[in-house]
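Computed from a predicted structure; not experimentally measured.
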Amino acid sequence: MASPDCGEEPAAAIHPDQPKETNMKLRTMATLTALAMAASLAACGESSQQAAEKAKAEAAKAAEATAAAAKSAADAAAKATQEAAAKAQEQAGKAVDATAGAAKDAAQATSQAATDAKAAADAAVQAAKDAAKK
């Protein structure tokens, strides 16, 4: 027998060996279970929304921490660069001083060599004059 409303068999036809009262109890239990599940899902939905908001807040905190760490790293790199530049400048100054000292020493050595060469040339000229007189 078809039901005039939805074209399905009546509940008694689905479980013909169970009395109508038992089918009603099963349907009531199924309805209550469905309501309990719906209430649980609704409650979970709210807590999942709260969890999503909490996760969003944690993500914002993590982003702030990441930005702070990046800033600290950039500051440390800038400080290290400044220190390296200062040390390089100091070493360059020492190299300039050493070069200037070496140049001064070379100039003195060249001057001394020129003086010695002049003295040797004067001695050679004098020896030649002396040899010519004999």
Side-chain angles (χ1 to χ4, degrees):
M1 287 169 91
S3 172
D5 293 334
C6 57
E8 295 180 2
E9 299 277 332
I14 295 173
H15 302 287
D17 55 339
Q18 294 179 351
K20 191 174 186 179
E21 187 176 302
T22 304
N23 280 334
M24 290 296 283
K25 285 182 183 179
L26 285 174
R27 282 187 176 189
T28 303
M29 289 297 282
T31 303
L32 289 175
T33 303
L35 285 174
M37 289 180 68
S40 295
L41 287 174
C44 288
E46 289 176 16
S47 66
S48 68
Q49 173 121 12
Q50 291 171 350
E53 289 175 5
K54 185 176 178 182
K56 184 178 177 183
E58 292 296 326
K61 286 181 185 177
E64 289 174 9
T66 302
K71 185 180 182 314
S72 295
D75 291 346
K79 184 178 179 183
T81 301
Q82 288 175 346
E83 290 174 358
K87 286 181 181 180
Q89 186 175 11
E90 179 183 342
Q91 293 301 321
K94 287 180 181 179
V96 167
D97 292 344
T99 302
K104 181 179 175 186
D105 292 345
Q108 287 176 350
T110 303
S111 176
Q112 183 63 39
T115 302
D116 291 346
K118 183 180 182 291
D122 288 344
V125 168
Q126 187 61 43
K129 285 181 184 179
D130 291 344
K133 286 184 184 178
K134 290 188 184 180

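By the side-chain hydrogen bond (donor to acceptor under 3.5 Å, both in side chains) test, D122 pairs with K118, sequence neighbours left out.
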Under 3.5 Å, side-chain donor or acceptor atoms of residues 77-101 against the rest of the protein: list the pairs with distances, not counting sequence neighbours.
unit_1: T81; atom_1: OG1; unit_2: A77; atom_2: O; d: 2.8
unit_1: T99; atom_1: OG1; unit_2: A95; atom_2: O; d: 2.7

Name every donor-acceptor pair, under 3.5 Å, that has one atom in a side chain of residues 58-76 and the other anywhere in the protein, sequence neighbours excluded.
unit_1: T66; atom_1: OG1; unit_2: A62; atom_2: O; d: 2.8
unit_1: K71; atom_1: NZ; unit_2: D75; atom_2: OD2; d: 3.1
unit_1: S72; atom_1: OG; unit_2: A68; atom_2: O; d: 3.0

